[in-house]
Every structure is written in structure tokens, then in C-alpha cells.
Amino acid sequence: LRTLERAGCDLVDDDLVLGTRWLRADVAETGDPIEALSIAFLEHSVATAVRYIGDGDKGADLVDSVRRTGAEGVIFAAASFCDPALLDQPMLQAALDRAGIPYTSFKYSEDTGQFQTIREQAGTFSDSIKLWSEP
Amino acid sequence: MTEVQKEPSMLRQKDMIAGHYSRLSHARENNDKVVYTFVPGNLTELLLSFDILPVLPEINALQSGMRKKSAEYIAKAEKLGHSEDVCTYVKCDIGMLESGNIGPTGERLPDPDLLLLSYTGCFTFMKWFELLREKYHCPVTMLHVPYQGGGRVTDAMVEYVVEQLRSQVIPALEKMTGRKYDEARLQGLLELSRQAEDDLVWVLESAKHRPSPIDAYFGGVYYIGPIFTSFRGTEDGVAYYRELRGEVAERLRCGMGPLTPDGAMGPERYRLVVEGPPNWTSFREFWRMFSEEGAVVVASSYTKVGGLYDDGFRHDPEHPLETLARYCLGCYTNLSLPQRIALLERYVREYEADGLLINSVKSCNSFSAGQLVILREIETRTGRPGGFIESDLVDPRYFSAANIKNRIESYLQMIEQRRRTEAPA
């Protein structure tokens with residue numbers, strides 16, 4: 001995160017530590033508690049790569065997040081070999097394309113030597129937004 | 001390259017597959033409905049009871065690998081933004097779709113009327129059909145099969161799957177075809193499945209003999225072909241397995257070893273159990289690395305991904321939906337790590353194998369996660385040496401022939417050395 005900030009990016013939203021903010025609405029306190037928890041997880045949880053999206057537009061939540069926060073672009077930073085996140089990316093990127101939102105992507109692993117490359121890539125991305133994005 | 005040796009059952013299978021792809025290519029003009037689904041947890045009998053044609057994307061991908069088309073398809077998918085780290089079956093399928101969806105027989109595959117997402121332990125399946133839904137814009141019906149985390153199938157798990165069949169899957173198939181669910185017809189198809197499964201298990205268990213008349217991995221992938229794909233519950237499937245059983249019985253009677261693409265294998269020197277899917281892009285070369293050394297695979301886990309029958313399970317026509325549920329729950333990819341270890345340990349002992357060899361596939365988390373633990377545990381429990389090689393399903397960039405051959409030879413030397421030290425003085 002520090003590397004991205006040093007590259008000129010202000011991070012206005014993220015999907016880190018999702019487990020602590022998984023549910024977007026309070027669990028109903030009346031009725032069958034098991035059913036209430038089931039509904040909360042099935043219908044009121046965050047749209048993430050590990051959740052099957054049966055209906056609705058894939059990537060809609062990400063586009064909403066960009067609009068809500070006034071972000072100018074999206075950085076996809078997925079761990080190497082993380083199938084859910086990496087398989088999700090083309091669908092999310094297509095949603096961003098449709099919405100005209102710029103993005104870049106890279107993978108990371110436990111090799112700390114990659115930070116310079118990430119910084120250069122993120123820096124180029126933020127520069128391109130500054131230079132060529134419509135005001 | 002020598003001409004591939006084929007037995008009548010192989011030719012029969014080839015004709016069956018060609019006929020199926022031909023039907024698929026004419027599906028639209030014949031008003032046939034088409035469902036894409038996965039090998040593990042496939043509901044072939046249910047689909048056939050509605051006269052629906054199944055398409056299995058994993059099979060298309062492996063066929064593309066064997067036909068040397070997968071590199072081009074994967075490159076196309078990667079250009080479209082798919083990571084180099086993810087399942088190469090998915091990328092191969094996406095690349096094939098973007099290249100005109102030409103199937104293994106050179107004919108165009110029809111678009112799906114429905115994506116039947118049978119989820120049996122492989123998380124990638126969910127993402128795969130989310131990706132296909134974006135391309136085909138067709139409905140998806142998900143069959144969620146609970147993972148055997150506790151190491152057994154409970155009645156509640158069976159009821160949960162049956163309920164989904166009743167309330168989700170069957171209504172979706174009825175809506176798509178405009179036909180009512182016909183349980184009597186389904187029962188008839190399940191009876192045919194049971195017959196074929198009996199013969200398949202007989203063939204796989206023939207490898208307990210010395211020499212083994214079959215190779216249960218490289219040869220095994222051909223043997224599971226019909227029953228794992230579109231022919232479970234068909235007269236063709238029954239006829240194939242009856243013929244195959246006859247051929248294997250004859251080899252057994254004559255004391256012959258497996259038939260490889262290069263002809264009859266030489267003397268059996270090593271008996272191995274193999275865990276993990278094979279590499280498809282260099283399949284014949286890969287097999288030859290074993291057969292030239294006299295190494296025969298007597299049992300494998302990969303031949304259980306589309307159904308585990310050698311533990312006694314058979315499709316039961318008397319309980320049609322329950323038996324489909326139990327089938328889905330029992331597929332190898334839906335087994336917990338301790339269950340996989342127990343199964344492989346049983347194979348090593350019952351098939352009197354010299355050891356367990358793992359082919360770890362780079363892009364298949366469903367198989368590869370935990371394989372080193374499996375290896376060490378089997379070594380500890382059986383006292384027989386384990387080997388570890390790495391390749392990929394359909395990405396030829398990850399099949400390093402020299403490296404793999406070296407490792408196989410080293411492993412076989414280790415077995416040889418072990419025999420010498422254990423031989424009575």
C-alpha cells in the first residue's frame with residue numbers, strides 16, 4: 001500500500017480484510033436466527049471473487065464503489081495463483097471498460113523485490129490518469 | 001512416429017465421440033437443446049431423459065491439448081486479460097470460444113441453451129461458468145454439492161442436493177425443453193449406467209493382477225471417456241464397456257500387459273499409483289516415459305474425478321434423484337484431504353504398488369493443494385517411496401520433457417535401490 005501511495009496514488013477504497021465487513025446490512029434479530037444468518041450471507045454480503053454471483057451484473061459493485069468514492073481509476077492487485085481473484089478480473093475489467101473507468105493490474109507474491117516494478121507500474125498508471133483523463 | 005495401435009473398443013469409442021460431436025454440430029437445425037456442464041457431478045442421465053445434448057468444456061480443452069491447439073487458445077485468452085496463473089482448461093476453453101468454438105472433430109459447437117454448474121469441490125468451476133455466462137448470455141443453473149469436509153456423506157447432504165434437483169435443476173430443464181420430467185425414463189437410463197459401471201470397475205480392478213493387463217492412468221483416461229462424458233446411461237456406453245471388458249479379459253488370460261499407443265508393453269518392472277491429472281499436450285510422450293521403463297500405473301485418482309465406483313457405489317434406478325446426489329457427492333474432487341490419502345493408501349496396498357507418484361499440475365488448485373502432504377503421509381503409512389513431478393494440463397510451456405524424464409528415471413532408480421536393500425540376504 002505504501003508503494004502505491006509513493007507512486008502517487010491516493011487509495012480511497014479497497015477490499016482488504018473483507019471478513020470484518022462482509023455483511024452490508026444488520027442480521028435480522030427476529031425469527032429463526034439460522035435463517036436470518038443465511039439470508040444475510042446470501043443476500044446482503046459483499047460481492048467478492050469468492051461469492052457466486054448468480055444474477056445481476058458482474059462488476060456492478062466495483063463500478064458503484066468508483067462512483068461513490070470519486071476514484072479516478074482501479075488497481076487490481078491479486079496474489080499469484082489466486083484463482084478466484086484472477087479469474088474474476090477479466091469480468092470486472094469488462095465492467096470497468098463499459099463504464100469508461102481506467103484500470104491497471106499486477107500480481108504479487110512473497111518476493112519483496114517486486115516493489116520497484118509495482119511502483120513504476122502504478123506511477124505510470126497515475127501519471128496517465130493525470131495527463132489524459134477528462135476533468 | 002509409429003502408427004497408433006488400436007483395439008475394437010477404441011475404434012468404437014472414437015465412433016461414439018464423432019457421432020456425438022456430429023449431433024452437436026447439427027443441434028440447431030434439429031432443434032436439439034444443449035447444456036454445458038462439468039465432468040465431476042455431471043447429471044448425464046437426467047439430461048438424456050430430456051433428450052438434451054451435453055457439452056463438457058474440460059473435455060474440449062483436453063482434446064484441444066492433444067490436438068496441439070491449446071497453446072494458441074491459451075495465448076488468445078491471455079491477450080484478453082486472463083492471468084497466466086489460472087486454470088489452463090478455462091483459458092483453453094475461452095480461447096477456443098473466441099476462435100469460433102470449433103470442436104475436436106473440426107465442427108462448430110453450438111452455443112449453450114443452459115449452463116448447468118455442477119459444483120463438486122472445484123471452486124474454479126464457478127468462475128468458469130460466470131465467465132461463460134458473460135459470453136453466451138444464457139441462463140445458469142447451479143447445483144451446489146457440499147464438500148465432504150467431515151469425511152462422509154450425511155443424509156442431510158443428500159437431501160440438500162435432491163432438493164436442488166427438484167426445485168432448481170429439473171424445473172430449469174423442463175422450462176428449456178418444454179417437456180415434463182419423466183422419472184421412469186430416468187430410471188431406465190440409470191439401469192444402463194449401473195451395468196456399464198460394473199464393467200468399468202472390473203476393468204480397473206484387473207490391474208491387481210501381475211502383470212497388469214491395463215495401464216490405469218494413461219490407458220485409464222480412455223476407459224473413463226464414455227462414462228465420464230455423454231454416454232453414461234446409454235446403450236452405446238454399455239456396449240463399449242462390455243467390449244472393453246472382453247478385451248481386457250483376453251489380455252489377462254494370455255498374461256499380457258497393457259496395450260500402449262506404440263504396441264504391447266514390455267515386461268512389467270514397476271507398479272505405480274499416480275495422483276493428479278495427466279499432461280495432455282505431450283500425452284503420448286509422457287506415457288512413453290513410463291512404458292519404456294516397464295512402469296505400469298495400476299491405479300490412479302484422476303480416473304475417479306467423474307465418479308468413484310470402486311468403493312461400491314453404483315447408480316441405483318430405484319432411487320433416481322438420491323442416487324444422482326450420492327454420485328455427485330462422491331466424486332474425487334469432492335473428497336477431503338484425509339479421504340484422498342486413505343484412498344491412495346488403499347490403492348498402494350491393494351494393487352501391490354511400488355509407490356505413489358504425483359503429477360502436480362501447476363494450474364489445478366483442486367488437485368495440487370495438499371499434494372506434498374499426501375505424498376509424505378503415504379510414504380509414512382506404506383513405507384514405499386513417493387515421487388513428485390510437475391507439469392500442466394494443456395499449457396505446453398509447462399511440460400519440460402527432459403526434466404520430467406529425469407525425475408521419473410530417478411524415482412524408478414530409487415524403487416530399484418529400495419528393492420535391493422530390502423531383498424533377503
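Order of the sequence lines fixes the chain letters, A, B, ..., with proteins taken first and strands second; residue numbering starts at 1 for each chain.
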Query raised in the report: Closest approach of A:A49 and B:K127, non-hydrogen atoms and distance?
Result: O-NZ, 2.8 Å
Query raised in the report: What are the two closest non-hydrogen atoms of B:R133 and A:I53, and how far apart are they?
Result: NH1-O, 2.9 Å
Requested in this report: Run the salt-bridge test on B:E130 and A:K58 with the 4.0 Å N-O cut-off and return the result as yes or no.
Outcome: yes
Query raised in the report: Of all the residues in residues 30-41 of chain A, which have a heavy atom that comes within less than 4.5 Å of a heavy atom in chain B?
Result: none
Query raised in the report: So which of B:V140, B:T141, B:T124 has the biggest tally of heavy-atom pairs under 4.5 Å with chain A?
Result: B:T124
Report summary line: Counting heavy-atom pairs under 4.5 angstrom with chain B, the leader among A:P84, A:S105, A:C82 is A:P84
Query - Heavy-atom pair count under 4.5 Å with chain B, highest-scoring of A:Q93, A:Q89, A:K107 - result: A:K107
Report summary line: Under 4.5 Å to a heavy atom of chain A? For B:V86 that would be both
Report task. Give the minimum heavy-atom separation between A:P90 and B:L131, together with the two atoms involved. Result -> CB-CD2, 4.4 Å
**Report entry** Euclidean distance, B:S363 OG relative to A:F81 CZ, rounded to 0.5 Å
**Finding:** 8.5 Å
Query raised in the report: Side chain, backbone, both or neither: which part of B:K362 has a non-hydrogen atom closer than 4.5 Å to chain A?
Result: both
Query - More than 12 heavy atoms from other groups under 6.0 Å of CZ on B:R166 - result: no
Report task. Flag yes if more than 12 heavy atoms outside A:L1 fall under 6.0 Å of its CG atom; otherwise flag no. Result -> no
Query raised in the report: Side chains of B:C87 and A:D83: does their closest heavy-atom pair fall under 4.5 Å?
Result: yes
Report task. Can you establish whether the number of heavy atoms outside A:D57 located under 6.0 Å from its atom CG is more than 12? Result -> no
**Report entry** Shortest non-hydrogen separation from B:L117 to A:Y52 and the atoms involved
**Finding:** CD2-CE1, 3.6 Å
Query raised in the report: More than 12 heavy atoms of other residues, nucleotides or ligands under 6.0 Å from CD of B:E134: is that the case?
Result: yes
Report task. Measure the shortest side-chain to side-chain distance between A:V50 and B:F123 over non-hydrogen atoms and say whether it is less than 4.5 angstrom. Result -> yes
